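In this text, all values refer to a predicted model and were calculated from it rather than measured experimentally.
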Amino acid sequence: MSYSADQIEVLEGLEPVRKRPAMYIGGTDRTGYHHLLWEIVDNSVDEAINGHASRIEVTIDADWKGARVSDNGRGIPVDKHPKFKKSALELILCTLHAGGKFGGKGYAVSGGLHGVGSSVVNALSEHLEATICRDGSEYRQTYERGVPQAPVKRIGEARKKGTEIYFKPDPQIFGKSGAFEPDRIRERLEATSYLHRGLKIVLRFEKDGTREEFHHPNGIADFLTKLVAQRKKPAIHPVAFTYEREGDPRIEVALQWTEGTDELIKSYANGIPTTNGGTHENGFKQAVNKAIRGYMDAHNIAPKGLKIVAEDIREGVVALVSAYVSEPQFQGQTKDRLNNAEVTAPIENAVRTALEQWLHNNSSAAEAIVARIIISARARQASRAASAQVSRKTAVSHRLNLPGKLSDCASTDPADCELFLVEGDSAGGNAKAARDRRTQAILPLRGKVLNAERATDAQVLANKELQNIVSALGTGIGKGFDITKLRYGRVFLLMDADSDGHHIATLLLTFFYRKMPSLIRNGHIFLAQPPLFRIDAGKETYWALDEQQRDKILKGLPRNVKPDISRFKGLGEMPASDLKETTLDKRQRRALRVTIEDALEAETVISQLMGKDPQSRYEFIMERAQQADADELDL
């Protein structure tokens with residue numbers, strides 16, 4: 001194939017955005033769809049950060065496809081640019097890297113830094129309309145897929161000032177199913193109102209005419225209170241640590257330790273959520289670690305022989321870190337991470353000094369925090385010791401030291417091997433008889449396993465059933481997890497089709513999600529679907545997965561046959577031959593791969609399998625989970 005100069009293309013204007021949208025918004029999925037809204041909202045927020053706006057309104061169309069964002073800021077300039085001889089509004093909306101946020105002339109601090117946000121939204125919108133109120137006049141210009149339909153036009157007088165942008169993302173880019181999600185928008189806007197004290201944000205939905213207002217004069221202090229309450233893990237000290245500092249970078253911090261077992265740190269740079277952290281978050285983490293160590297050293301309260309690491313100090317922490325940087329360097333246009341190396345040291349020094357002083361002035365809170373950290377360190381050591389003990393007992397080769405109840409397979413290739421976790425010995429016996437001995441292993445479980453949601457690694461490894469699973473899989477758990485040692489490429493949860501079976505499946509999914517999440521993310525965990533009905537018709541027996549399949553089977557029976565229909569109770573009642581046909585046969589096995597973002601999401605999947613009302617199912621599971629906590633955890 002020839003390659004010459006005439007094959008070189010130069011994309012002009014907004015063509016690069018439409019050609020490669022993922023470069024600018026991260027993708028064309030629902031995240032990218034909403035990123036367009038964030039770009040416009042963030043421009044209004046920049047007006048508020050710099051003291052020019054106090055109110056932002058967001059309205060979502062009745063069909064969820066379009067959005068309108070307005071503010072009472074200065075309004076985008078509409079006069080002609082002296083160099084480019086066109087309206088500043090058209091220049092901003094139609095030219096990449098054009099804006100008033102370079103060099104600090106128009107904005108001292110802003111979330112926008114590349115000058116591409118508004119123009120990207122325009123390029124990826126089927127329709128965009130900009131309405132500007134400033135200098136006593138109202139102006140308007142419309143665009144179709146980034147192309148202006150007419151020059152900026154003055155449409156009348158205006159007493160107010162500000163910018164209003166209406167846009168509708170292009171279905172050619174996002175597909176016809178693209179739409180805004182109210183919960184996602186609500187969460188983002190409410191967080192924004194917490195971060196900028198005094199800013200009032202109004203959210204409207206044309207679909208039902210509802211209106212919500214977010215206004216939080218106490219700022220991130222109230223935000224922290226909300227986050228702690230949402231975690232449902234009580235704080236161990238009643239008064240939170242809060243800190244503010246002016247300057248560059250300007251810093252706002254709120255921090256509280258809870259009884260939770262993991263940390264939650266939400267960081268923001270110039271009001272933009274940095275979900276992947278960055279240099280400002282690193283400075284904060286270092287400050288917390290050093291302040292705690294400094295306090296413990298000053299009071300000589302670190303136990304001898306106990307090594308305290310950063311994860312012990314920050315276990316259970318819920319924190320908010322908001323930094324304002326004059327020249328932010330984000331990682332990419334989606335701004336998920338802050339890369340300004342120069343902000344780490346100032347944030348670390350300022351927060352460390354303030355936090356250490358707060359600990360000295362609040363001795364009761366400091367004592368509770370330090371006691372919690374020491375308990376965490378001791379639990380970690382105990383967990384590591386227990387994990388090491390299990391690892392020593394776990395098979396290094398294919399045959400050694402496997403759980404006694406495991407009926408292993410002959411193959412040693414993880415890509416071919418499957419492990420079926422079966423409810424009860426009787427079901428295990430049937431599954432064992434029905435399996436393919438070469439590739440399928442059976443491990444029966446007795447009763448309900450430990451609820452791993454609030455259990456430490458040591459408690460998990462002390463549970464016989466879960467210990468058997470860990471030993472059979474060979475990967476270890478927690479920090480010692482090594483997916484390269486996985487002995488079975490597919491793990492099937494093979495439970496009965498009753499409430500107990502679904503409860504056990506829930507507990508196992510929770511265990512894998514909390515202690516071996518990589519197995520879920522890499523598609524190793526499956527949830528098998530046992531039949532719900534047994535149909536005896538003469539000498540024939542049929543198994544139906546659900547009501548729809550049951551009705552289909554009944555329609556296919558001869559009219560002179562009177563079927564006997566019974567609700568399926570458990571795998572133990574099925575003959576091995578039927579079990580193989582309905583569940584274990586590779587060609588006919590019905591298995592649902594479960595992808596879990598949260599343990600409750602697993603409940604939604606299970607409720608769908610049961611065909612029951614999700615709310616009723618949720619209430620049932622919560623009740624059973626609480627019962628399991630009381631009966632089995634004894635925490």
Side-chain angles (χ1 to χ4, degrees), residues 11 13-46 56 58-61 63-69 92-99 110-130 143-147 165-192 203 205 266-278 328 330-339 521 595 597-598 601:
L11 300 179
L14 299 179
E15 287 182 82
V17 183
R18 293 188 63 83
K19 193 77 172 177
R20 298 286 187 270
M23 288 182 58
Y24 300 90
I25 60 173
T28 56
D29 56 3
R30 60 181 184 176
T31 299
Y33 199 97
H34 287 78
H35 188 80
L36 300 186
L37 179 59
W38 308 151
E39 288 285 4
I40 300 300
V41 169
D42 289 343
N43 286 336
S44 294
V45 171
D46 286 341
I56 299 172
V58 178
T59 303
I60 306 301
D61 282 356
D63 62 357
W64 308 103
K65 302 289 188 179
R68 187 180 306 276
V69 180
I92 288 171
L93 289 174
C94 296
T95 309
L96 294 175
H97 309 295
S110 68
L113 69 156
H114 299 135
V116 302
S118 295
S119 53
V120 164
V121 177
N122 194 16
L124 300 179
S125 293
E126 178 183 31
H127 174 79
L128 185 144
E129 183 176 284
Y143 309 80
E144 304 291 334
R145 296 185 170 91
V147 179
I165 300 290
Y166 172 81
F167 69 98
K168 200 164 190 173
D170 191 350
Q172 292 181 4
I173 302 294
F174 298 95
K176 294 182 179 180
S177 62
F180 288 113
E181 300 170 8
D183 289 341
R184 182 182 288 225
I185 296 171
R186 185 181 293 110
E187 181 181 358
R188 174 75 175 240
L189 295 183
E190 185 174 20
T192 301
L203 173 61
F205 296 106
K266 285 183 172 288
S267 61
Y268 302 83
N270 294 6
I272 307 295
T274 45
T275 53
N276 291 331
F330 290 106
Q331 182 173 297
Q333 176 58 24
T334 53
K335 307 171 188 174
D336 295 327
R337 181 178 178 84
L338 183 69
N339 286 343
R521 296 191 185 105
T595 302
E597 294 179 358
D598 187 272
E601 190 168 329

Taking the side chain as every heavy atom from C-beta outward, state whether [X] and [Y] have any atom pair closer than 4.5 Å.
| X | Y | answer |
| --- | --- | --- |
| T31 | R184 | yes |
| I60 | P182 | no |
| S119 | T95 | no |

- Task: Mind checking side chain to side chain donor-acceptor pair (under 3.5 Å) for E126 and listing every partner two or more places apart, or none if nothing turns up?
- Result: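 Expected list: none.
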
[atom1]-[atom2] distance between [X] and [Y], expressed to the nearest 0.5 angstrom:
| X | Y | atom1 | atom2 | result |
| --- | --- | --- | --- | --- |
| Y166 | L128 | OH | CG | 9.5 Å |
| L36 | Y24 | CG | OH | 14.0 Å |
| I92 | N122 | CD1 | CG | 11.5 Å |
| L14 | L124 | CG | CG | 8.5 Å |
| I173 | R145 | CD1 | CZ | 8.5 Å |
| L203 | L189 | CG | CG | 5.5 Å |

Which atom names give the shortest non-hydrogen contact between [X] and [Y], and what distance separates them?
| X | Y | value |
| --- | --- | --- |
| L37 | A67 | CD1-CB, 4.0 Å |
| G32 | F174 | C-CE2, 3.8 Å |
| A191 | Y268 | CB-OH, 4.1 Å |
| S125 | V121 | OG-O, 2.6 Å |
| Y143 | C94 | CE2-SG, 3.5 Å |

Main-chain N/O of [Y] paired to [X] side chain as donor or acceptor, under 3.5 Å:
| X | Y | value |
| --- | --- | --- |
| K65 | G178 | yes |
| D183 | R186 | no |
| R30 | A179 | no |

- Using the test side-chain contact (heavy atoms from CB on, under 4.5 Å), find all partners of S267 that sit at least two apart in sequence or belong to another chain.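 With sequence neighbours excluded, S267 shows a side-chain contact (heavy atoms from CB on, under 4.5 Å) to T274, H280, E281, V321, given in chain and number order.
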
- Task: Determine, for K168 against E129, whether the closest basic-nitrogen to carboxylate-oxygen distance falls under 4.0 angstrom.
- Result: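 Looking at E129 together with K168, the answer is no, because their closest N to O distance does not fall below 4.0 Å.
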
- May I ask you to say whether K335 pairs ionically with D42, meaning some side-chain N is under 4.0 Å from a carboxylate O?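 Looking at D42 together with K335, the answer is no, because their closest N to O distance does not fall below 4.0 Å.
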
- Message: Could you tell me if H127 and E144 have a donor-acceptor pair between their side chains, going purely by distance under 3.5 Å?
- Response: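 Distance-only check passes for E144 and H127.
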
- Message: Go through it in stages, so that I can follow the logic: the residues are D61 and R68, the test is salt bridge (charged side-chain N to carboxylate O under 4.0 Å, His left out), and I'd like the CA-CA distance, side-chain angles, deciding distance and then a yes or no.
- Response: CA-CA 8 Å; D61 282 356; R68 187 180 306 276; 5.7 Å; no

- Measure the acute angle between the ring planes of F167 and F180, then classify it against the limits of 30° and 60° as parallel, tilted or perpendicular.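 Geometry flag for F180 against F167: perpendicular rings.
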
